[in-house]
Number of protein chains: 2
Amino acid sequence: MSDQSKRKKLSRLVPTVRDVAKRAGVSPATVSRALGDKAVVSPELRQRVQDAANALGYRPNAFARGLREGRSRIVALLVGDIEQSHFSSLTKHVQKELSAVGTDLLLHDLEHREDRLMHILRQAPALQLNGIVLASSDTISSAAATEIAAARNAGIPIVAAGQDLTWAGVPSVTYNERAAARHSVGQLLALGGAPCAYVGRVQGSAVGTERHRGYCDAHEAAGAPRDAALTWDVAYRYSAGRDAVNRALREGIAFRSIQAGSDELAMGALAALTDHGLRVPRDVRLVGFGNVEMSAHLRPALTTLSSHAEEMARCIHQALDSQWQGQAPQELVMIERGLVQRQSS
Amino acid sequence: MSDQSKRKKLSRLVPTVRDVAKRAGVSPATVSRALGDKAVVSPELRQRVQDAANALGYRPNAFARGLREGRSRIVALLVGDIEQSHFSSLTKHVQKELSAVGTDLLLHDLEHREDRLMHILRQAPALQLNGIVLASSDTISSAAATEIAAARNAGIPIVAAGQDLTWAGVPSVTYNERAAARHSVGQLLALGGAPCAYVGRVQGSAVGTERHRGYCDAHEAAGAPRDAALTWDVAYRYSAGRDAVNRALREGIAFRSIQAGSDELAMGALAALTDHGLRVPRDVRLVGFGNVEMSAHLRPALTTLSSHAEEMARCIHQALDSQWQGQAPQELVMIERGLVQRQSS
DNA sequence: CTGAAAGCGCTTACAG
DNA sequence: CTGAAAGCGCTTACAG
């Protein structure tokens with residue numbers, strides 16, 4: 001099939017402004033104006049155009065519009081790892097927020113790799129993205145910060161979700177991780193949970209670093225000694241939680257409680273404790289992080305720190321929206337986590 | 001800032017073919033040809049163009065290209081619910097496959113709602129999507145099938161993932177759900193697990209219906225009587241599994257084993273059994289579906305049926321690729337699930 | 001209030 | 001092998 005005839009065939013199938021214009025007996029310009037609510041078109045004409053558009057099932061070509069307007073109606077969401085509940089939950093709510101305003105979501109799974117982040121950032125201007133939501137828990141290098149700045153200079157609104165990137169000039173929506181961990185660990189220590197271990201990624205994780213700081217704060221506030229051997233710096237995976245506990249038990253490290261950096265880690269830890277015949281919370285108290293749906297269905301049900309994905313998504317949308325309006329968004333929005341008390345602590 | 005000056009400013013920041021052409025001392029046409037590997041350009045010129053493009057950090061504008069070529073480099077992935085591990089895992093692997101060939105992924109969470117599906121399908125031609133991956137476990141209505149056909153007629157490649165939509169003319173990649181359930185339930189019955197309950201969505205779920213058929217097959221093959229009161233048709237959620245077991249125990253329905261339609265349901269069921277003082281597998285044998293990462297870390301560790309998200313993603317990519325090449329893809333690809341034997345059965 | 005025209009940035013027949 | 005030209009479909013100053 002020749003390029004010519006293919007085009008003709010497609011134009012039959014997918015109506016354009018010209019088709020609508022012809023049917024309504026007006027010019028393409030009027031169609032465009034009538035369908036975009038802004039311009040002043042006589043009510044009668046607007047109705048005629050809308051009828052024609054509906055009859056034809058007309059949808060403005062997103063690419064022509066994007067090319068002309070210099071921006072798409074697409075926002076990219078960059079997540080650390082879509083398989084982690086925290087990210088899939090955030091994705092769901094961000095998608096919901098944006099689809100309500102006719103914006104599509106381009107999903108990128110960073111796999112916690114900075115080279116993927118760099119690649120996408122470099123691609124962004126060519127995609128004329130209408131926004132980037134950077135939902136990564138990993139510490140950002142200065143090279144990446146430079147790339148972020150470049151994207152911003154190209155006029156792309158950016159919001160950080162989960163970690164505070166205001167130091168790089170990026171408006172951010174975060175949880176108050178440090179306060180949450182401080183509160184939770186403080187309670188563990190008060191309940192007789194010392195020595196208390198922390199399991200979760202610390203080095204290289206901006207979010208993990210904050211949580212671990214809260215863990216340290218709580219020790220300081222309680223005047224409890226802190227042992228470096230009780231910080232188990234591991235990846236955010238079930239198996240890492242299990243392995244860390246196994247190793248500690250094998251090495252004879254004593255602890256009466258564990259603050260995990262995620263519910264997944266806590267579940268892995270629980271499996272290891274159970275395998276060793278230890279009972280939770282009797283022998284070891286255990287607290288997770290994030291209140292993933294699963295945690296309520298563990299036995300013992302997991303005490304954990306709440307998440308507020310819906311609220312976070314709403315704040316992300318707000319931060320994007322102010323940038324779309326040309327206003328400066330609030331620099332930093334911090335959401336508090338609460339302790340969800342269940343059976344494990 | 002006027003439209004004019006804004007444009008000028010942006011064109012300074014984001015280089016176009018013209019900028020590259022000027023720098024390399026050639027025409028825009030040559031730039032386009034040199035960068036796209038296909039055309040015949042003298043090696044010397046190609047090098048010069050590539051150098052210029054690199055120096056400027058040039059990326060072809062995706063919208064101009066999409067408009068001109070009549071297709072984007074974007075594939076939409078439609079999932080039932082991104083919070084379910086099955087879908088997030090599939091998303092991750094599909095994303096990986098496609099990003100390797102320079103294709104971006106537009107994610108849509110259907111929330112198991114058909115109106116969302118219809119909406120996206122109608123939008124698809126205007127987005128000039130390069131493909132649609134329909135990963136929904138829900139039964140498709142004939143109205144939706146019509147909409148799918150319309151999208152296909154508009155030239156958009158479509159692949160179904162998870163359920164067999166070949167009846168609607170859509171090439172499909174599925175698991176052999178029926179055989180998997182038959183095998184698993186057959187083993188439960190053989191191990192003395194009768195009466196055996198099935199918990200999971202059946203009505204309205206194409207995938208669930210298949211699994212339930214396998215459950216029935218196994219009973220027939222074993223000559224075991226089947227009781228309708230032992231099919232608990234509930235949503236794919238942790239809480240639904242818990243509630244179904246609670247109800248059955250309250251109503252005094254007897255069962256010695258449970259085949260769950262997902263690992264999440266199995267976990268919910270396990271919680272309820274535990275709360276009632278029942279031991280798994282001693283009192284009740286339990287098998288999940290899908291081998292989600294979590295299932296290995298439950299105690300007792302969950303016996304379940306394997307998933308192969310990576311292979312499925314590869315097959316999806318293949319099916320899209322043949323359509324991109326103008327070839328007919330294999331109608332139906334069926335992936336076998338294996339029984340992952342752990343402690344719960 | 002409406003239409004004709006220009007142009008967004010790219011790619012590809014069409015000439016040479 | 002390379003360049004000039006056309007055109008993808010849309011929107012928006014510019015005239016009227």
Side-chain angles (χ1 to χ4, degrees), chain A residues 1-11 13-22 24-49 53 56 58-73 125-128 155, chain B residues 1-11 13-22 24-49 53 56 58-73 125-128 155:
Chain A
M1 186 160 44
S2 79
D3 194 50
Q4 185 78 7
S5 70
K6 188 164 96 195
R7 187 160 299 145
K8 202 173 258 167
K9 184 158 175 208
L10 281 179
S11 79
L13 288 166
V14 181
T16 72
V17 259
R18 299 190 51 183
D19 300 320
V20 179
K22 204 169 293 170
V26 297
S27 74
T30 300
V31 171
S32 176
R33 282 191 280 248
L35 262 32
D37 304 312
K38 313 185 176 188
V40 217
V41 181
S42 74
E44 179 227 12
L45 265 197
R46 159 161 289 141
Q47 191 57 53
R48 226 162 76 205
V49 169
L56 262 41
Y58 169 74
R59 312 263 156 176
N61 181 301
F63 284 75
R65 172 182 274 175
L67 179 58
R68 169 66 220 225
E69 293 186 334
R71 61 187 194 82
S72 67
R73 298 188 183 197
L127 271 169
Q128 299 184 172
Chain B
M1 186 159 45
S2 78
D3 194 51
Q4 185 77 7
S5 69
K6 188 166 94 193
R7 187 162 297 143
K8 202 173 259 168
K9 184 158 177 209
L10 281 180
S11 80
L13 288 165
V14 182
T16 72
V17 258
R18 298 191 51 183
D19 299 320
V20 179
K22 204 169 294 170
V26 298
S27 73
T30 301
V31 171
S32 176
R33 281 190 282 246
L35 263 31
D37 304 312
K38 314 186 176 186
V40 218
V41 181
S42 74
E44 180 227 11
L45 266 196
R46 160 161 287 141
Q47 191 58 52
R48 228 164 73 208
V49 169
L56 263 39
Y58 169 73
R59 313 263 156 175
N61 181 300
F63 284 75
R65 173 182 273 174
L67 180 58
R68 171 64 221 228
E69 293 186 334
R71 61 187 194 81
S72 67
R73 298 189 184 194
L127 270 170
Q128 299 184 171

With sequence neighbours excluded, what pairs up with A:A126 under the side-chain contact (heavy atoms from CB on, under 4.5 Å) test?
B:R59

Identify, with sequence neighbours excluded, every residue that meets side chain to side chain donor-acceptor pair (under 3.5 Å) alongside A:S42.
none

Could you work out, with salt bridge (Lys or Arg N to Asp or Glu O under 4.0 Å) as the rule, every residue matching B:R73, not counting sequence neighbours?
B:E69

Short side-chain N/O contact to C:dG9 OP1/OP2 from B:T16, under 4.0 Å:
no

So, using salt bridge (Lys or Arg N to Asp or Glu O under 4.0 Å) as the criterion, who are the partners of A:R48 when residues are at least two apart?
A:E44

Tell me: CG of B:L67 to C1' of D:dC8, nearest whole Å?
4 Å

Spacing of A:L127 atom CG relative to C:dG9 atom P, expressed in whole Å:
15 Å

Can you tell me the distance, in whole Å, between the CD atom of A:E69 and the P atom of C:dG7?
18 Å

With rounding to the nearest 0.5 Å, note down the distance linking CG in B:L35 to CZ in B:R46.
8.5 Å

The side chain to side chain donor-acceptor pair (under 3.5 Å) partners of A:R71 (sequence neighbours excluded) come to A:N130

Would you kindly give the CZ-to-C1' distance between A:R65 and C:dG9, to the nearest whole Å?
18 Å

B:T30 meets the side chain to side chain donor-acceptor pair (under 3.5 Å) criterion, sequence neighbours left out, with B:S27

Measure CZ/A:R68 against P/D:dC8 and give the value in whole Å, please.
17 Å

B:A64 or B:P43: which one's nearest nucleotide on DNA chain D is closer to the 5' end?
B:P43

Distances under 3.5 Å only, N/O to N/O: pair up the protein atoms with those of nucleotides 2-4 of chain C.
from: C:dT2; atom 1: OP1; to: A:S42; atom 2: OG; distance (Å): 3.0
from: C:dT2; atom 1: OP2; to: A:S42; atom 2: N; distance (Å): 2.9
from: C:dG3; atom 1: OP2; to: A:S27; atom 2: N; distance (Å): 3.2
from: C:dG3; atom 1: OP2; to: A:S27; atom 2: OG; distance (Å): 3.1
from: C:dG3; atom 1: OP2; to: A:T30; atom 2: OG1; distance (Å): 2.4
from: C:dG3; atom 1: N7; to: A:R33; atom 2: NH2; distance (Å): 2.6
from: C:dG3; atom 1: O6; to: A:R33; atom 2: NH1; distance (Å): 3.2
from: C:dG3; atom 1: O6; to: A:R33; atom 2: NH2; distance (Å): 3.4

Side-chain donor or acceptor of B:S72 paired with backbone N/O of B:G66 under 3.5 Å:
no

Whole-Å distance between D:dT11 P and A:R71 CZ?
12 Å

5'-to-3' dot-bracket of DNA chain D (Watson-Crick, G-U; under 3.5 angstrom; crossing pairs as [ ]; | other strand)
|||.||||||||.|||

How far, in whole Å, is C:dG16 from C:dT12 if one measures between their C1' atoms?
16 Å

How many whole angstroms separate atom CZ of B:F63 from atom C1' of C:dC10?
13 Å

Would you kindly give the CZ-to-P distance between A:R18 and D:dC8, to the nearest whole Å?
8 Å

Taking the side chain as every heavy atom from C-beta outward, state whether B:V14 and B:Y58 have any atom pair closer than 4.5 Å.
no

